Protein chains: 2
Amino acid sequence: MKRTKKERQRLLMETIKENPFVTDEQLASQFGVSVQTIRLDRMELSIPELRERIKDVAEKNYENEVKSLPLDEVIGEIIDIELDEKALSIFDVKEEHVFQRNGIARGHHLFAQANSLAVAVINDELALTVKSNVVFVKPVKVGDRVITKAIVRGQDHEKNRTYIDVLSTVNNETVFKGEFEMYRTKGKGDTE
Amino acid sequence: MKRTKKERQRLLMETIKENPFVTDEQLASQFGVSVQTIRLDRMELSIPELRERIKDVAEKNYENEVKSLPLDEVIGEIIDIELDEKALSIFDVKEEHVFQRNGIARGHHLFAQANSLAVAVINDELALTVKSNVVFVKPVKVGDRVITKAIVRGQDHEKNRTYIDVLSTVNNETVFKGEFEMYRTKGKGDTE
DNA sequence: ATGTATTTTAGCACTTGGTACTAATACCAG
DNA sequence: CTGGTATTAGTACCAAGTGCTAAAATACAT
């Protein structure tokens, strides 16, 4: 016994958290105890067996994959869109979007929702943000549902620019607003 | 045999790709064949067994997790920081940051790097973005290494504001610039 | 129809990484 | 020495397979 049982179990927890892919046998030799001891430890700490641990990791991944697919294309979910006119999206603020310290959403998530909505509303192959002025009016908290509206204000056909206003609200209160100047390859109504 | 072997194997591939968590037994009953047939099919198609599949998903996840953890705290990696003075971060643009269509980075990733650097440079418990004006000067492509510098320009102690200029470059060429107005709880040098 | 080939099924031994349980030791304290 | 905790050993069993052999079913051709 190098150190107490408690100490070993503490290390065991850490080790497994750090690398869930480790077998009891590996753990046993690492801690210089028998496999049975490791099993007993796992039971006491209610740490599931290797396969379950792997499965857990895999399942977590799977959720994320499903979640990040639309989340990659547009931040938030588009609920209404009239191309080159306006668009509406909602975005539920979760734990992973906020500062742990105070539960306030990181600015770039709100920006991302607004920006990707601005891209989406443009009826074109290519739409890029050129400039934007944004104001974070009021802190957004975890659990808030942010509703964002993008309205196409106008276009400069010569410069291939589209101007979009974006307004985000939570419970009808403005939390974020911004103006986006977007570049696009073809103007509204242009033919290929 | 409802349809040919080929057809079954095609469906088998799809089914497993869609849901890798399925056992041979489940597949057998789903396709109305014996477990052995499924095993043969998997061999011919060189699809690994359930546990291997799960492990693969888990391992893929693990990579991502390591990637997304620092990516959540600060977008990009901070390579130098002088609190309340300036900070420097690098961000390698990968496939997942760009539009598939043209390989150009989505604006909000550049914004996120700039924004999180602006948050990081502030030596305070709480730092929130109030306003920002940003310009996307030049498209950033996959593979580019974006170097972003944040410089604290000034403070308004009465309003608890800090003003930060951010400049991002790729190969010494400016690709993005922005001004950030940040809210902070305490001013530089203030004591608790 | 008969023969040959392909496909499918069955059965058995063996593998990993375990669980569940029992029993034997070892160690340490009073 | 006796008791209690900690550790180890050993057995039976499980899931979800692999690997292998062999039989049965089906298809296809002549």
Side-chain angles (χ1 to χ4, degrees), chain A residues 1-69 96, chain B residues 1-70:
Chain A
M1 235 194 302
K2 41 169 59 151
R3 212 63 262 157
T4 58
K5 181 178 165 178
K6 226 156 227 167
E7 176 66 1
R8 187 190 56 231
Q9 294 194 342
R10 207 181 53 69
L11 287 171
L12 192 78
M13 291 232 290
E14 260 182 52
T15 309
I16 291 178
K17 185 176 272 181
E18 211 168 284
N19 167 216
F21 297 81
V22 66
T23 65
D24 286 358
E25 215 160 56
Q26 294 174 312
L27 290 164
S29 81
Q30 184 182 323
F31 290 103
V33 294
S34 73
V35 172
Q36 282 78 356
T37 303
I38 296 294
R39 311 253 226 242
L40 278 177
D41 285 349
R42 277 201 299 102
M43 307 230 159
E44 284 180 27
L45 302 167
S46 45
I47 296 171
E49 65 166 291
L50 172 68
R51 284 150 179 163
E52 289 305 314
R53 294 194 307 260
I54 291 181
K55 211 175 170 184
D56 290 348
V57 176
E59 268 161 1
K60 213 184 293 170
N61 186 10
Y62 229 60
E63 288 166 31
N64 287 354
E65 209 154 290
V66 178
K67 213 184 296 166
S68 77
L69 234 151
E96 63 263 36
Chain B
M1 231 196 304
K2 40 170 59 152
R3 213 59 263 161
T4 59
K5 181 177 165 179
K6 226 156 228 166
E7 178 65 2
R8 188 190 55 233
Q9 295 195 341
R10 207 181 53 69
L11 286 171
L12 192 77
M13 292 232 290
E14 261 181 52
T15 309
I16 291 179
K17 185 176 274 182
E18 213 168 281
N19 167 216
F21 298 82
V22 66
T23 66
D24 286 358
E25 214 160 58
Q26 293 175 311
L27 289 164
S29 82
Q30 183 182 323
F31 289 103
V33 295
S34 73
V35 173
Q36 282 79 354
T37 303
I38 297 292
R39 310 253 225 242
L40 278 177
D41 285 348
R42 276 200 299 101
M43 307 226 161
E44 285 179 28
L45 302 167
S46 45
I47 295 171
E49 63 166 292
L50 171 68
R51 284 147 178 168
E52 290 305 313
R53 295 194 305 262
I54 291 180
K55 210 174 170 186
D56 290 347
V57 176
E59 270 161 0
K60 216 185 291 171
N61 188 6
Y62 227 60
E63 291 167 31
N64 289 353
E65 209 154 291
V66 177
K67 217 183 290 167
S68 76
L69 231 152

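What you see below is based on every heavy atom in this structure, not just the backbone, and it leaves out hydrogens, waters and symmetry mates. Just so it is clear, the model here is predicted, and its values are computed rather than measured. Per chain, numbering begins at 1; letters A, B, ... match sequence-line order.
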So which protein nitrogen or oxygen atoms get under 3.5 Å of nucleotides 15-17 of chain D's nitrogens or oxygens?
from	atom 1	to	atom 2	distance (Å)
D:dA15	N3	B:Arg51	NH2	2.8
D:dA16	O4'	B:Arg51	NH2	2.9
D:dA16	N3	B:Arg51	NH1	2.8
D:dA16	N3	B:Arg51	NH2	3.4
D:dG17	OP1	B:Leu50	N	2.9
D:dG17	OP2	B:Asp24	N	3.0
D:dG17	O5'	B:Arg39	NH1	3.3

Run the side-chain donor-acceptor check on residues 43-50 of chain A: report pairs under 3.5 Å with partners two or more places apart or on a different chain.
from	atom 1	to	atom 2	distance (Å)
A:Glu44	OE1	A:Lys5	NZ	3.3
A:Glu44	OE1	A:Gln9	NE2	3.1
A:Glu44	OE2	A:Lys5	NZ	3.0

State which residues pass side chain to side chain donor-acceptor pair (under 3.5 Å) with A:Arg53; sequence neighbours excluded, sorted by chain then number.
-> none
Nucleotide C:dT16, atom P - distance to CD of B:Glu52 in whole Å | 12 Å
In whole Å, what is the span from the CD atom of A:Gln26 to the P atom of C:dG17?
-> 8 Å
Figure out the CE/C1' separation between A:Met43 and D:dT8, and round it to whole Å.
-> 15 Å
Measure from NZ on B:Lys55 to P on C:dT16 and round the result to the nearest Å.
-> 13 Å
Tell me: CG of A:Leu27 to P of C:dG17, nearest whole Å?
-> 12 Å
Return the set of residues passing side chain to side chain donor-acceptor pair (under 3.5 Å) with B:Arg39 (not counting sequence neighbours), or none when no residue passes.
-> B:Asp24
Residues in side chain to side chain donor-acceptor pair (under 3.5 Å) contact with B:Arg51, at least two apart in sequence or another chain = none
Could you pull out all residues at least two apart from B:Gln36 that satisfy side chain to side chain contact (heavy atoms under 4.5 Å, CB included)?
-> B:Ser34
Between D:dA25 (P) and B:Lys5 (NZ): distance, integer Å | 19 Å
For B:Glu25, all residues meeting salt bridge (Lys or Arg N to Asp or Glu O under 4.0 Å), sequence neighbours excluded = none
Taken in chain and number order and not counting sequence neighbours, the residues that satisfy side chain to side chain donor-acceptor pair (under 3.5 Å) with B:Ser29 are none
Gap between atom CD of B:Gln30 and atom CG of B:Leu11 - 0.5 Å precision = 8.5 Å
Would you mind building the protein contact string for nucleotides 9-14 of chain C? One character per nucleotide, 5' to 3', B for base within reach (heavy atoms under 4.0 Å), S for sugar-phosphate only, - for untouched.
-> BBB---
Integer-rounded Å distance: D:dT5 C1' and A:Lys6 NZ = 12 Å
To the nearest Å, give me how far apart CD1 (B:Ile54) and P (C:dG17) are.
-> 14 Å
Can A:Glu7 and A:Arg10 be counted as an ion pair, charged N to O under 4.0 angstrom?
-> yes
